[in-house]
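These numbers come from the heavy atoms of this one structure, side chains and all, not from hydrogens, waters or symmetry mates.
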Number of protein chains: 2
Amino acid sequence: MQKATIYDIAAELKITPSTVSRALSDHPRISGRTKRAVREVADRLNYRQNSVAAALRSGKTNMLGVVVPTTDRSFFSSVIRNIEQVAVASGYNVMITQSNDEEELERSNIDALLKARVDGIIASIAKWSNDYSHFQQLADSGVPLVLFDRVAELNRTSIVRIDDYRGAYEATAHLIEQGCRRIAHFAGQQKLDIYQKRLEGYQAALREHGLPTDPSLVHYSNVKLEDGRSGIKQLMQLPDPPDAIFAASDYTAIGAMQELKANGKRIPEDVAIVGFMNETFTSFVEPGLTSVDQLSENMGKLAASTVLEQISSSRTFAPRKVILTPKLIVRGSSQKSQISTNGQKSISGSSVGE
Amino acid sequence: MQKATIYDIAAELKITPSTVSRALSDHPRISGRTKRAVREVADRLNYRQNSVAAALRSGKTNMLGVVVPTTDRSFFSSVIRNIEQVAVASGYNVMITQSNDEEELERSNIDALLKARVDGIIASIAKWSNDYSHFQQLADSGVPLVLFDRVAELNRTSIVRIDDYRGAYEATAHLIEQGCRRIAHFAGQQKLDIYQKRLEGYQAALREHGLPTDPSLVHYSNVKLEDGRSGIKQLMQLPDPPDAIFAASDYTAIGAMQELKANGKRIPEDVAIVGFMNETFTSFVEPGLTSVDQLSENMGKLAASTVLEQISSSRTFAPRKVILTPKLIVRGSSQKSQISTNGQKSISGSSVGE
DNA sequence: CAAAAAAATACAACCGATTGCGTCATTATA
DNA sequence: TATAATGACGCAATCGGTTGTATTTTTTTG
């Protein structure tokens with residue numbers, strides 16, 4: 001039993017395929033009687049439109065391509081989840097590809113998406129990509145492109161990100177408010193803009209609160225859990241060890257927390273900690289890890305709606321920069337003064353502009 | 001600047017599109033000289049095959065469809081990650097859809113995948129699906145179908161799952177070995193086979209170790225975190241409260257852990273806990289949560305390779321049942337006797353059969 | 001009731017590859 | 001040298017819809 005086509009329906013009703021096609025898409029110039037008849041037969045034959053054929057002729061696949069470093073980090077999977085929801089609501093499907101943070105895979109993923117003729121692409125740049133020419137080419141070739149979180153300033157490219165600077169600033173300021181005076185920073189790959197901004201926000205907060213910015217308190221790494229542990233080992237050997245840590249990633253923060261505990265340090269009394277990302281587990285550890293929430297849901301939804309807009313207004317579209325204001329979720333790991341007991345105090349807000 | 005087609009290449013070289021097509025696909029009956037010339041022009045024109053057109057003609061899209069309840073649970077996102085890896089290695093792309101555990105969305109997702117003419121489908125059944133006819137139809141219509149984790153026994157359908165019974169049995173037996181005698185079970189929706197099997201494994205372990213199976217110790221829920229908390233509240237009011245919990249989900253286990261701590265109970269001394277799923281956070285909480293690992297990586301890889309095989313051996317394929325043996329990851333939450341200090345003791349193995 | 005206007009449907013090209021088969025040019029064989 | 005056997009490529013149909021335009025049918029109008 002082959003799949004039914006519009007030709008089968010047309011033959012059965014002794015009308016032409018074009019009429020069937022129009023009837024199915026509710027074209028105004030087809031009579032109600034014909035439409036009903038067509039739908040009836042279509043149902044009976046279990047007809048399902050062949051989107052491949054439709055895409056070939058119409059030039060629209062109704063597919064969105066997504067390139068992320070990996071799907072199994074809760075931040076990315078949450079973004080994906082929300083992209084998919086928005087896409088489906090607009091009749092689009094989503095193709096997911098992973099770069100494993102490698103430039104080569106990133107390139108070949110883009111290639112595959114281009115071959116599949118997706119209508120638009122949403123991506124977050126691989127950690128080890130040195131060169132963004134593949135993205136720039138993409139954008140220049142007219143494919144709507146939206147970068148999120150790990151972005152780069154490219155022509156014809158929209159961006160959805162959080163204000164990393166501000167997130168870092170607020171996190172650091174929060175630690176200062178809690179009475180911390182020697183605050184260390186676990187920084188990420190400075191190649192990525194997000195980690196640069198976080199470092200800058202951290203430094204600015206120190207300066208504006210009249211604290212010195214001691215370079216020996218900044219520890220650079222790949223922000224994995226182990227990096228947090230080794231970072232602490234180093235820092236604790238300083239003549240004047242830190243009384244707080246602001247980590248650019250929750251994983252590093254957790255590693256730091258584990259190592260500190262192993263050394264008998266109390267958190268937050270001896271060392272307060274703030275992470276970044278607000279991963280699921282932050283609320284499960286003890287004490288709860290204060291963290292900067294990246295608004296993955298909004299990010300996914302905005303990335304999707306932006307690329308959809310860009311698709312529909314094809315030529316005349318001005319790339320959009322959306323910068324969300326992250327939200328500091330305060331938990332036990334940083335709360336020296338017991339101001340609130342519910343364990344969640346937050347600064348928030350979000351802005352969309354230029 | 002329009003996208004280049006094989007016609008453009010053909011025109012430039014004064015040969016026919018069919019020759020170009022064959023040259024690009026390295027057809028043996030095209031001369032090396034022509035192939036080189038074609039590739040050179042293709043590169044220069046930045047040609048990229050239009051897979052939509054190729055798919056229409058050849059009847060193969062080289063796309064796999066995936067239906068999961070959600071992408072933002074680490075188990076599913078890990079499976080997805082591995083599916084994608086295997087798929088890409090074989091020249092396939094992956095379309096992801098989410099059912100949100102709803103039957104209606106699950107149906108419409110399948111519909112979308114069918115319209116897109118994916119070559120095969122990998123799915124994990126939605127929690128609230130009462131009726132699996134949409135999957136059976138799918139399989140009957142000849143689309144290669146592989147179900148994983150949350151499976152159902154359907155015709156023409158391959159299955160990749162873990163031995164939930166055994167996982168539960170080992171988990172429970174482990175608790176018994178640790179000296180626990182009143183072991184409660186936080187069970188999931190019995191509609192789903194996986195939760196039934198876990199309950200059965202739990203009961204079997206009790207029986208075979210000469211322990212009574214007390215129905216009041218089994219608490220049914222949707223296995224969310226809150227269900228763990230409320231479950232504990234109930235159980236602790238029993239005249240003879242449990243000294244151990246085997247939860248069908250890590251989330252419930254965490255909830256239980258939190259509630260127990262809030263009541264001043266020590267873990268594992270007063271109450272030992274074992275979860276199921278081995279989510280990332282299990283190693284971050286304190287004490288570490290002993291859990292049954294579901295081998296998400298293997299599951300993803302096997303699901304993908306199975307559906308790929310099924311695609312290539314289309315007609316003659318006998319559905320395969322793959323049952324993986326889960327692995328109990330022992331951590332602090334269940335370790336009363338301090339046998340090993342590394343915090344990880346495990347039973348393991350994996351079998352492929354039937 | 002004939003002509004004009006509107007409504008409904010038919011015709012046919014097209015999207016960009018793939019592929020079975022036919023054809024011509026070479027080379028090998030007798 | 002005539003003929004068979006290869007090799008290399010061209011021809012044209014095809015996949016299943018979509019869509020601009022032509023045509024027929026129906027309704028409206030004078």
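- Using a 4.0 Å heavy-atom cutoff across all strands shown, B/Ser18 reaches at least one base atom of the nucleic acid.
- Regarding B/Leu56, its CG atom lies at a distance of 7 Å from the P atom of D/dG16, rounded to whole Å.
- Nucleic acid contact for B/Thr34: sugar-phosphate only, since backbone atoms but no base atoms lie under 4.0 Å from a heavy atom of the residue.
- Bracketed by its first and final contacts, the part of DNA chain C lying under 4.0 Å from non-hydrogen atoms of chain B reaches from C/dG16 to C/dG22 in 5' to 3' order.
- Taking atom CG of A/Asp26 as the reference point, atom P of D/dT19 lies 14 Å away to the nearest angstrom.
- At the phosphate of D/dC9, neither OP1 nor OP2 sits under 4.0 Å from any side-chain N or O atom of B/Thr19.
- Rounded to the nearest 0.5 angstrom, B/Asn46 CG and A/Leu114 CG are separated by 8.0 Å.
- The environment of CD in A/Glu104 is sparse: at most 12 heavy-atom neighbours from other residues, nucleotides or ligands sit within 6.0 Å.
- Remark: the A/Arg22 side chain and the D/dG17 base include no donor-acceptor N/O pair separated by less than 3.5 Å.
- In this structure, B/Leu13 atom CG and D/dC9 atom P are separated by 11 Å, rounded to whole Å.
- Comparing A/Pro17 and B/Arg29 by the nucleotide of DNA chain D whose heavy atom lies nearest to each, the residue mapping closer to the 5' end is B/Arg29.
- Nucleic acid contact class of B/Thr5 (heavy atoms, under 4.0 Å, all strands): sugar-phosphate only.
- Using a 4.0 Å heavy-atom criterion, one finds that A/Lys60 contacts no nucleic acid atom at all.
- Going from atom CD of A/Gln49 over to atom P of D/dT19 covers 11 Å, rounded to whole Å.
- Judged by distance alone with a 3.5 Å cut-off, no donor-acceptor contact links the side chain of A/Arg48 to the base of D/dG16.
- A side-chain donor-acceptor contact under 3.5 Å links B/Gln310 and B/Ser158.
- Ion pair A/Arg36/A/Glu40 not flagged as a salt bridge, since none of the NZ, NE, NH1 or NH2 atoms sits closer than 4.0 Å to an Asp/Glu carboxylate oxygen.
- We find that NE2 of B/His27 is positioned 12 Å from P of D/dA8, with the value rounded to whole Å.
- Comparing A/Arg117 and A/Ser31 by the nucleotide of DNA chain C that holds the closest heavy atom to each, the one mapping nearer the 5' end is A/Ser31.
- Checked for salt-bridge contact, A/Asp26 and A/Arg39 meet the test: a charged N lies under 4.0 Å from a carboxylate O.
- Donor-acceptor pairing under 3.5 Å is lacking for the side chains of B/Arg22 and B/Thr16.
- Between A/Tyr7 and the phosphate of D/dT14, there is no side-chain N or O to OP1/OP2 separation shorter than 4.0 Å.
- If you check the side chains of A/Ser133 and A/Arg107, you find a donor sitting under 3.5 Å from an acceptor.
- Within the nucleic acid shown, B/Ser21 comes within 4.0 Å of at least one base atom, counting heavy atoms only.
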